[in-house]
Amino acid sequence: MEPADTASAQTPAAAGSAPVPSPARWVLDLIEASPIASVVSDPRLPDNPLVAVNQAFVDLTGYSQEECVGRNCRFLSGSGTEPWLSDKIKEGVREHRPVLVEILNYKKDGSPFRNAVLVAPIFDDREELLYFLGSQVEVRDDEPNMGMARRERAAEMLKTLSPRQLEVTTLVASGLRNKEVAARLGLSEKTVKMHRGLVMEKLGLKTSADLVRVAVEAGI
């Protein structure tokens, strides 16, 4: 996907769907470099369509970026997808809060896979909902305890953070951007950026999407 510098640019949508506005550069930066399959959707548009997907998502699902953008992520669902888990995701979306579930999804070739799905909100400077961040990790049959292992690892990673770094991480995971985090904590935006950068470096993470995933997996 070509980067977009303004929200007014148009991205080609999947066949049968209308073009959707491409997100700003900072939104694409959330997911592009992540090794985890990640997407961004826009709940301000009809049916909350995807507006960006990264290469890891393409590699995981087999769908091209052009086949994904402009569609609601439910195209990964199929006959075996658990409706009660779909409802849990919908509830998190409706309540604008992070949610993490392991659900059965389907790749483009029809093969099913167990998918640890994270959906988390992203707010603007006025704390109005802008986007949803989604990320997917395949849970293979030969690793039945992978989800628990990831949660335990994430919790251990966060134990290495200072109290202030943990506060910043918690607010970032709730969907707030640096300016709002600074206001909540009574810090300068520059200080928040510093703490956020130190957290990313300490935890060995490449993108903010990865930071949100670790925080939610750890249960904060």
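Values in this document were obtained by computation on a predicted structure and should not be read as measured data. Reckoned from all heavy atoms, side chains included, excluding hydrogens, waters and symmetry mates.
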Side chain proximity check, [X] to [Y], heavy atoms < 4.5 angstrom:
| X | Y | answer |
| --- | --- | --- |
| Arg164 | Leu185 | yes |
| Leu118 | Leu100 | yes |
| Ser41 | Val51 | no |

Item to check | The single option from Thr169, Thr170, Leu171 passing side chain to side chain contact (heavy atoms under 4.5 Å, CB included) against Val181 | outcome: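 Exactly one pass, corresponding to Leu171.
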
Checklist entry - Of Arg150, Lys107, Arg114, which is the lone residue that meets salt bridge (charged side-chain N to carboxylate O under 4.0 Å, His left out) with Glu138? => result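 With Glu138 as partner, salt bridge (charged side-chain N to carboxylate O under 4.0 Å, His left out) holds for just one option, Lys107.
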
[X] side chain to [Y] backbone, donor-acceptor under 3.5 Å:
| X | Y | answer |
| --- | --- | --- |
| Asn178 | Val192 | no |
| Lys88 | Val101 | no |
| Glu180 | Arg177 | yes |
| Asp47 | Pro49 | no |
| Glu82 | Leu104 | yes |

Checklist entry - So, Thr81 and Arg74: side-chain donor and acceptor under 3.5 Å apart, yes or no? => result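 Absent: no donor and acceptor within the cut-off.
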
Checklist entry - For Asp210, which of Ser38, Ser34, Ser135 qualifies under side chain to side chain donor-acceptor pair (under 3.5 Å)? => result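 With Asp210 as partner, side chain to side chain donor-acceptor pair (under 3.5 Å) holds for just one option, Ser34.
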
Next on the checklist: In this structure, would Tyr106 and Leu50 fall into the same cluster of hydrophobic residues linked by side-chain contacts under 4.5 Å?
Outcome noted: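 As far as the 4.5 Å side-chain criterion goes, Leu50 and Tyr106 are not connected within one cluster.
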
Checklist entry - When hydrophobic residues are tied together by side-chain contacts of less than 4.5 Å, even through go-betweens, does Leu60 share a cluster with Ile31? => result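 No.
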
